[in-house]
Engineer: 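This is the structure I want to talk about, given as structure tokens.
Please read these numbers as outputs of a predicted model, since none were measured by experiment. Order of the sequence lines fixes the chain letters, A, B, ..., with proteins taken first and strands second; residue numbering starts at 1 for each chain.
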Amino acid sequence: MLDLKFIRENTDIVRQAIVNRHDKAPIDEIISLDVAKRQKMAIVERLRCERKGLAKKQGTESAERGRELRDSIKIFEDELREIDSRLEDLLLRVPNIPQDSVPIGKSEDDNIIISTCGEPRKFDFKPAPHWEIGEKLGIIDFERGVKLSGTRFYVLKGLGSRLQRSLINFMLNLHTEDHGYYEAYLPYMVKKECLIGSSNLPKFADNLYRDIEEDLWLVPTAEVPLTNLHRDEVILPGVLPIYYVAYTACFRREKMSAGKDTRGIKRGHQFDKVEMYKFTEPGNSNDELERMVDNAVDICRKLEIPYRIKKLCTADLSFASTKTYDIEMWAPGCSEWLEVSSCSNCGDFQARRANIRYRPTLESKPQLVHTLNGSGLALPRVVIAVIENYQQADGSISVPKVLQPYMDVKVIK
RNA sequence: GGAGGGGUCGCAUAGUGGUCUAGUGCGGGCGCCUGCUAAGCGCUUACCCUGGGAAACUGGGGUCGAGGGUUCAAAUCCCUCCCCCUCCGCCA
């Protein structure tokens with residue numbers, strides 16, 4: 001959420017940001033509600049002040065005036081409540097402002113490829129897509145996944161599920177041991193407030209699963225509970241930056257992309273992900289973003305899979321982000337670059353929603369922190385990349401060196 | 001799921017309709033005093049919104065788990081919800 005005061009004083013900047021994002025947030029209505037709100041507040045505060053003075057005295061004529069005050073205060077309070085909830089809802093739907101370094105673009109085609117690393121392997125046979133390799137080896141079972149849960153579900157079996165588990169452990173170990181992250185095991189179901197804090201609600205409700213009886217929501221990413229770990233807290237001086245890493249399952253309806261990517265395990269309703277998350281001081285967040293990207297890329301390097309880094313343009317930037325890098329791994333079987341990570345600096349946008357602050361020193365006033373999130377990495381796509389990059393002519397898969405200690409085998413066959 | 005108890009300033013507590021402008025202790029900060037460590041004394045101690053001011057600063061409102069309600073007046077009474085504790089039931 002943007003600061004209302006900022007919107008009031010920098011309306012043109014906000015308007016331009018919305019245009020650049022091709023968003024339609026209703027800034028005009030916000031501005032007029034804000035004016036109306038402050039007018040009414042001035043009146044109601046004057047009335048409350050009089051009531052306060054009156055309440056100290058007792059007597060019949062002050063009781064008479066008191067009744068009048070009570071009634072008119074109530075009318076104004078009701079109006080204010082209505083304005084407030086409308087304003088709150090609108091504010092929650094305004095996207096974050098892209099940084100100046102973010103390229104302005106019309107669509108994802110305007111994202112900029114910053115670097116491409118690693119030589120795509122030369123095959124002396126035609127590389128197969130993972131769904132063929134996986135099915136032949138019996139490590140991915142699409143039919144039974146659909147039998148259990150319907151379309152976009154699959155079952156990993158045997159060394160397939162072991163491969164995913166190995167990747168998770170490899171990533172968690174690397175981030176905790178080499179990159180300084182602190183591991184957390186989190187709830188996969190969270191309260192509505194958490195999703196508001198992380199910016200998934202109210203705007204993106206249609207991509208979420210929810211238990212109506214308890215009003216608990218399944219997390220679409222660990223970013224949601226991680227953001228909310230420090231909700232309504234004031235972090236003490238000297239504690240920042242905090243780095244978290246967490247493995248969770250993620251649940252998404254993927255309604256918006258129905259019909260897209262239906263083949264294989266690239267896009268399911270349930271998938272696993274290792275997520276990196278940082279709480280930082282405002283001055284450091286961009287440096288921390290670069291480091292986070294490098295932490296994600298380190299996985300690609302160690303797995304020895306070709307990858308590229310993209311800087312997202314304003315049209316493709318996610319709602320809460322001021323600046324985002326995507327990392328893609330090359331998948332020679334389906335001949336496409338797979339998005340395995342998205343690293344974003346959300347600035348104080350989520351911190352304002354979730355009320356996450358820190359004190360620079362013991363004496364100073366609380367200030368909003370900056371939050372950053374990045375996949376480190378998204379599992380099923382890394383599984384795809386391993387399968388397709390390490391496939392062999394006989395249909396088997398050789399296991400990447402760094403995974404061999406986790407897999408206990410050198411070849412999946 | 002059933003029965004009961006509870007949520008007050010960083011922590012611990014007092015407060016059952018007006019004297020609460022929320023008291024006290026601890027902890028924190030500032031200062032004074034003291035020829036060592038210590039003790040003592042004084043002051044201070046949250047956050048949000050909004051108005052005025054170039055600024056230092058200053059006026060007003062709100063917040064006692066959250067939100068409503070009753071009342072001239074609510075930390076205090078009523079309703080809904082959230083969270084914590086104890087016992088019972090169930091359970092990996």
Engineer: So if I take every side-chain heavy atom of A:R67 and compare against B:A73, B:G61, B:C72, which nucleotide ends up nearest?
Structural biologist: B:C72
Engineer: Under 3.5 Å, sequence neighbours excluded: what are the donor-acceptor pairs made by side chains of residues 402-413 of chain A?
Structural biologist:
residue: A:Q404; atom: NE2; partner: A:V399; partner atom: O; Å: 2.9
residue: A:Y406; atom: OH; partner: A:N173; partner atom: ND2; Å: 3.0
residue: A:D408; atom: OD2; partner: A:R162; partner atom: NH2; Å: 3.3

Engineer: Sort and list the pairs that fulfil salt bridge (charged side-chain N to carboxylate O under 4.0 Å, His left out) and have at least one residue in residues 99-109 of chain A, not counting sequence neighbours.
Structural biologist: none
Engineer: I need a per-nucleotide contact map over nucleotides 52-58 of chain B, read 5' to 3'. Cutoff is protein heavy atoms under 4.0 Å; write B for the base, S for backbone only, - otherwise.
Structural biologist: -------
Engineer: Taking the six-membered ring for Trp, is the centroid-to-centroid distance between A:F279 and A:Y243 below 6.0 Å?
Structural biologist: no
Engineer: For B:A73, does OP1 or OP2 lie under 4.0 Å from any side-chain N or O of A:R51?
Structural biologist: yes
Engineer: Looking at B:C48, I'd like to know if its phosphate oxygens (OP1 or OP2) sit under 4.0 Å from a side-chain N or O belonging to A:K5.
Structural biologist: no
Engineer: Just the rounded figure in Å: distance from P of B:G51 to CD of A:Q39.
Structural biologist: 11 Å
Engineer: Considering only atom P, compute the distance from B:C83 to B:G10 and round it to an integer number of Å.
Structural biologist: 23 Å
Engineer: Tell me the interatomic distance from A:E77, atom CD, to B:U71, atom P, rounded to whole angstroms.
Structural biologist: 14 Å
Engineer: Quick check on the 6.0 Å ring-centre criterion: do A:H269 and A:F153 meet it?
Structural biologist: yes
Engineer: Taking a pair as Watson-Crick or G-U wobble with both distances under 3.5 Å, which nucleotide is matched to B:U63?
Structural biologist: B:A46
Engineer: Give me the distance, rounded to whole Å, that separates B:C36 from B:C30 when you measure between the C1' atoms they each carry.
Structural biologist: 24 Å
Engineer: Nearest-Å distance, CD1 (A:I73) to P (B:G60)?
Structural biologist: 16 Å
Engineer: Any strand is fair game: report the nucleotide pairing with B:A56 by Watson-Crick or G-U wobble, both distances under 3.5 Å, or none.
Structural biologist: none
Engineer: In whole Å, I'd like the distance from the CD1 atom of A:I43 to the C1' atom of B:G60.
Structural biologist: 14 Å
Engineer: Whole Å only: how far is the CD atom of A:E45 from the P atom of B:G62?
Structural biologist: 8 Å
Engineer: For B:A12 versus B:C85, give the span between their P atoms, rounded off to a whole number of Å.
Structural biologist: 15 Å
Engineer: Before you tell me yes or no, could you show the steps for A:T227 and A:Y277 under side-chain hydrogen bond (donor to acceptor under 3.5 Å, both in side chains), namely the whole-Å CA-CA distance, both residues' side-chain angles and the distance that decides it to 0.1 Å?
Structural biologist: CA-CA 8 Å; A:T227 303; A:Y277 201 93; 2.8 Å; yes
Engineer: Identify each atom pair where a protein N or O and an N or O of nucleotides 44-47 of chain B are less than 3.5 Å apart, giving names and distance.
Structural biologist:
residue: B:C47; atom: OP1; partner: A:R359; partner atom: NH1; Å: 3.3
residue: B:C47; atom: O3'; partner: A:R357; partner atom: NH1; Å: 3.0

Engineer: Just checking A:R352: base, sugar-phosphate only, or nothing, at a heavy-atom cut-off of under 4.0 Å?
Structural biologist: nothing
Engineer: Please tell me which of the listed nucleotides, B:C83, B:A73, B:G60, lies nearest to the side chain of A:A55?
Structural biologist: B:A73
Engineer: Could you check how far CG of A:D84 sits from P of B:U50, rounded to whole Å?
Structural biologist: 10 Å
Engineer: Can you spot which of A:I112, A:L289, A:N345 makes a side-chain contact (heavy atoms from CB on, under 4.5 Å) with A:Y325?
Structural biologist: A:L289
Engineer: So which heavy atom on A:P220 is nearest to which on A:L195, and how close?
Structural biologist: CD-CD2, 4.1 Å
Engineer: Partner of B:G23 by Watson-Crick or G-U wobble geometry, both contacts under 3.5 Å, or none?
Structural biologist: B:U13
Engineer: Checking A:R165 now: which residues fulfil salt bridge (Lys or Arg N to Asp or Glu O under 4.0 Å) with it, not counting sequence neighbours?
Structural biologist: none
Engineer: Please write out the pairs of protein N or O atoms and N or O atoms of nucleotides 66-68 of chain B separated by less than 3.5 Å, giving the distance to one decimal.
Structural biologist:
residue: B:G68; atom: OP1; partner: A:R81; partner atom: NH1; Å: 2.9

Engineer: Mind checking the P distance from B:A75 to B:G67? Whole angstroms is fine.
Structural biologist: 13 Å
Engineer: For atom C1', what is the distance between B:A73 and B:U16, given to the nearest Å?
Structural biologist: 16 Å
Engineer: Can you see if the side chain of A:R46 gets near the phosphate of B:G60 - specifically, an N or O under 4.0 Å from OP1 or OP2?
Structural biologist: no
Engineer: Would you mind classifying the nucleic acid contact of A:K74 as base, sugar-phosphate or nothing, using non-hydrogen atoms under 4.0 angstrom?
Structural biologist: sugar-phosphate
Engineer: Any salt bridge (charged side-chain N to carboxylate O under 4.0 Å, His left out) involving residues 372-388 of chain A? Give me the pairs, sequence neighbours left out, ordered by first then second residue.
Structural biologist: none
Engineer: Can you list, by residue number, the residues of residues 232-242 of chain A that have a non-hydrogen atom closer than 4.0 angstrom to RNA chain B?
Structural biologist: none
Engineer: If the condition is side chain to side chain contact (heavy atoms under 4.5 Å, CB included), which residues does A:S398 pass it with, not counting sequence neighbours?
Structural biologist: A:Y390, A:Q392
Engineer: Could you give the distance separating B:C9 and B:G4 at their C1' atoms, to the nearest angstrom?
Structural biologist: 29 Å
Engineer: Compare side-chain N and O positions of A:R48 against OP1 and OP2 of B:G61 and report whether any pair is under 4.0 Å apart.
Structural biologist: no
Engineer: For A:R70 and B:G18, give me the distance from atom CZ to atom P, rounded to whole Å.
Structural biologist: 19 Å
Engineer: Do A:R357 and A:I235 make a side-chain contact, defined as non-hydrogen atoms from C-beta onward lying under 4.5 Å apart?
Structural biologist: no
Engineer: The criterion is salt bridge (Lys or Arg N to Asp or Glu O under 4.0 Å); which residues satisfy it with A:R308, sequence neighbours excluded?
Structural biologist: A:E328
Engineer: Phosphate oxygens OP1/OP2 of B:G62: is one of them under 4.0 Å from a side-chain N or O of A:K52?
Structural biologist: yes
Engineer: Write down the distance separating the C1' atoms in B:G59 and B:C64, rounded off to the nearest Å.
Structural biologist: 25 Å
Engineer: Return the minimal non-hydrogen interatomic distance between A:R93 and A:P202, and the atom names on each side.
Structural biologist: NH2-CB, 3.7 Å
Engineer: Only counting residues at least two apart or in another chain, list the ones meeting salt bridge (Lys or Arg N to Asp or Glu O under 4.0 Å) with A:K52.
Structural biologist: none
Engineer: Within this structure, what is the CE-to-C1' distance between A:M41 and B:G51, rounded to whole angstrom?
Structural biologist: 9 Å
Engineer: Provide the distance between the two P atoms, one in B:U71 and one in B:C78, to the nearest whole Å.
Structural biologist: 15 Å
Engineer: Below the 4.0 Å mark, does B:C49 have OP1 or OP2 next to a side-chain nitrogen or oxygen of A:R38?
Structural biologist: no
Engineer: Among residues 209-219 of chain A, which contact RNA chain B at a heavy-atom distance under 4.0 Å?
Structural biologist: none
Engineer: Side chains of A:N389 and A:P332: closer than 4.5 Å at any heavy-atom pair?
Structural biologist: yes
